[in-house]
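Small disclaimer: the values here were computed from a predicted structure and weren't measured. Residue numbers begin at 1 in each chain, while the letters A, B, ... track the order of the sequences.
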Amino acid sequence: MFALIDCNNFYASCERLFRPDLRDKPIVVLSNNDGCVIARSNEAKALGVAMGEPFFKIKALCKQHKIHAFSSNYTLYGDLSQRVMSTIERAWPNVEVYSIDEAFLDLSELPLELVDSFCLTLQKLILKETGIPTSVGIGTTKTLAKIANYLCKKVFKIPVFNVAHQREALLKQVAVGDVWGIGRQWSKKLMARGIHTAYDLSITNAHLLKKQYSVVMMRTAMELAGIACGGLVEAEPKQSIMSSKSFGEMQTSYTCVSQSVSSHCARAVEKLRQQHLVAQRLYVFVHTNRFREDLAQYCQGIEIKLINPTDDVRLITTWAKRCLRRIFKTGYHYKKAGICLEDLIPKDPRQMDMFHQPSDEALAKTEQLMGVFDTINQKFGRSTIRLAAEGHSKPWDMRRQLKSPAYTTRWSDLPRVRL
DNA sequence: TCTGGGGTCCTAGGACCC
DNA sequence: TCTGGGGTCCTAGGACCC
């Protein structure tokens with residue numbers, strides 16, 4: 001038995017947690033730059049706000065219905081996510097944290113008759129300890145647990161649901177495109193073949209599916225039929241780390257784009273070092289605003305192999321700037337830049353280049369310096385100390401006009417309670 | 001005016017090996 | 001006249017997820 005615990009409207013629930021005045025009110029959370037809607041409360045969904053809708057297109061609707069909009073506040077969501085996950089992990093040992101707002105539980109150790117009540121108790125505990133409402137789907141495979149969770153939210157509107165009891169009848173109610181692992185392209189192809197529901201897929205010959213699509217599709221169909229094709233997955237070290245952002249306003253100068261690339265290097269290296277990894281490849285890219293058909297378009301990226309695997313922000317920034325110099329062309333209105341660190345490997349031991357190996361002394365110095373960077377920035381906040389390459393005024397920085405306070409991670413933002 | 005960011009896995013095809 | 005069998009590694013592109 002597997003359970004999938006999924007936080008309801010997670011970002012919206014986080015925002016509402018410290019704003020009791022917004023309980024039962026429609027709210028939406030926006031992507032970076034206050035661009036698109038990426039989370040909606042049930043009230044906002046009921047008013048017809050679609051997922052991914054550009055904010056500027058629904059501004060009138062928001063005004064009309066007093067929909068409260070927030071810029072995204074990932075520090076807050078990350079912190080509340082950790083609270084939810086640690087509550088779950090204290091209650092049950094076999095947990096896979098699947099995303100910021102979801103966790104799978106392997107409940108094989110639990111007697112079958114206790115599964116449903118255990119999940120209900122846990123759901124209540126999470127709500128009590130963190131204030132975040134969740135839905136729990138239960139099934140004999142992870143895909144079925146996902147389906148059960150979907151039914152919880154979309155069909156039955158209850159906190160816990162076990163799909164094992166009337167699997168076939170329930171699968172007939174789920175469109176094939178709503179199955180975990182079946183996206184837009186595949187669902188189009190399946191429908192064209194007369195496979196419309198999760199049930200249809202579950203009774204399609206698995207080997208035929210593998211031949212015509214891929215092993216992924218085969219596994220999904222088998223899981224729907226109740227044959228588990230995978231258990232909980234251990235957290236693996238990252239294979240790549242990306243940092244990129246649209247600019248608040250389009251940029252034309254090399255200096256500004258270069259400074260933003262340097263900031264991305266700092267952010268990516270920070271993540272890299274937290275995970276004790278080093279990068280062997282570096283990808284740098286820029287592009288213009290694809291929605292501005294009236295402006296000339298340009299989209300370019302470049303990838304290089306780093307001679308020695310590294311986590312030194314100075315080296316990575318130097319190379320990233322060299323890459324940028326090769327792809328940057330004047331005369332364009334740039335909208336976005338970013339970098340990606342790839343081919344990540346553990347820091348120790350790492351294979352160095354035979355002919356250009358840095359001395360042990362140089363490596364130790366780097367480590368000492370980077371350690372000081374990390375310590376200062378952890379203590380006083382990101383980019384308290386940084387390379388001059390990042391610049392200071394940051395004219396490209398993103399818009400976040402509607403951001404809520406860092407209620408749980410900054411002393412000055414702690415909510416005040418009057419008794 | 002305005003349209004997100006960050007990941008993973010799989011497959012096919014080409015190049016290479018013995 | 002006839003032209004093997006069994007592999008690995010790498011990359012690009014496409015699909016998916018949150």
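- Leu295(A) places its CG atom 12 Å from the P atom of dT1(B), with the value rounded to the nearest Å.
- Across dT3(B), dC16(C), dG5(B), the shortest atom-to-atom separation from the side chain of Trp186(A) is found for dC16(C).
- Asp34(A) comes within contact range of no nucleotide atom at all, as no heavy-atom separation falls under 4.0 Å.
- Side-chain atoms of Gln251(A) never come within 3.5 Å of backbone atoms of Tyr334(A) as a donor-acceptor pair (strictly under, hydrogens ignored).
- For the 3.5 Å distance criterion, the side chains of Tyr199(A) and Gln173(A) fail to qualify, holding no donor opposite an acceptor.
- Rounded to an integer number of Å, the gap from CE of Met217(A) to C1' of dC9(B) is 14 Å.
- Atom-to-atom, CE of Met242(A) to P of dG4(B) comes out at 13 Å; the value is rounded to the nearest Å.
- No contact: Lys188(A) has no heavy atom under 4.0 Å from any strand.
- Comparing dC18(C), dT3(B), dC10(B) by their nearest atom to the side chain of Lys146(A) picks out dC18(C).
- Relative to the side chain of Val216(A), the nucleotides dC10(B), dG4(B), dT8(B) differ in distance, and dC10(B) lies closest.
- In this structure, the nucleotide among dG7(B), dT3(B), dG6(B) sitting nearest to the side chain of Phe291(A) is dT3(B).
- Atom CD1 of Ile100(A) and atom P of dG5(B) are 16 Å apart (whole Å).
- Proximity note for Tyr74(A) (side chain, C-beta onward) versus dG4(B), dG5(B), dT11(B): the nearest is dG4(B).
- With values rounded to the nearest 0.5 angstrom, His196(A) atom NE2 is found 10.0 Å from Leu190(A) atom CG.
- Side chain of Met250(A), nearest nucleotide from dC17(C), dC2(B), dT3(B): dC2(B).
- A donor-acceptor pair shorter than 3.5 Å cannot be found between the side chains of Lys336(A) and Asn289(A).
- Between Ile38(A) and Pro237(A), the residue anchored nearer the 5' end of DNA chain B, judged by the nucleotide with its closest heavy atom, is Ile38(A).
- A donor and an acceptor atom, one from each side chain of Gln300(A) and Arg326(A), are nowhere located under 3.5 Å apart.
- Counting to the nearest Å, the P atom of dT11(B) and the NZ atom of Lys210(A) are 7 Å from each other.
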Inset, instruction - Determine which bases of DNA chain C form Watson-Crick or G-U wobble pairs with both distances under 3.5 Å, and write the result as a 5' to 3' dot-bracket string with | for other-strand partners. - result: ....||||||||||||||
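- Using a 4.0 Å heavy-atom distance criterion, Glu53(A) is classed as making no nucleic acid contact.
- Closest approach to the Lys189(A) side chain among dA15(C), dT1(B), dT11(B) is made by dA15(C) (side chain taken as heavy atoms from C-beta onward).
- When the nearest nucleotides of DNA chain B are assigned to Ser31(A) and Lys211(A) by heavy-atom distance, the more 5′-ward of the two goes with Ser31(A).
- Under the 3.5 Å distance criterion, with hydrogens and angles disregarded, no donor-acceptor pair is assigned to the side chains of Asp79(A) and Thr409(A).
- At a threshold of 4.0 angstrom between heavy atoms, the contacts of Tyr98(A) are confined to the sugar-phosphate backbone, with no base atom among them.
- For Lys271(A), the side-chain atoms get nearest to dG7(B) when compared with the rest of dG5(B), dG7(B), dT3(B).
- Picking from dC10(B), dG7(B), dG4(B) the nucleotide with the shortest atom distance to the side chain of Ser214(A) gives dC10(B).
- Here dG5(B) is the nucleotide among dT8(B), dC10(B), dG5(B) with the atom lying nearest to any side-chain atom of Asn32(A).
- Less than 6.0 angstrom separates the ring centroid of Phe18(A) from the ring centroid of Tyr407(A).
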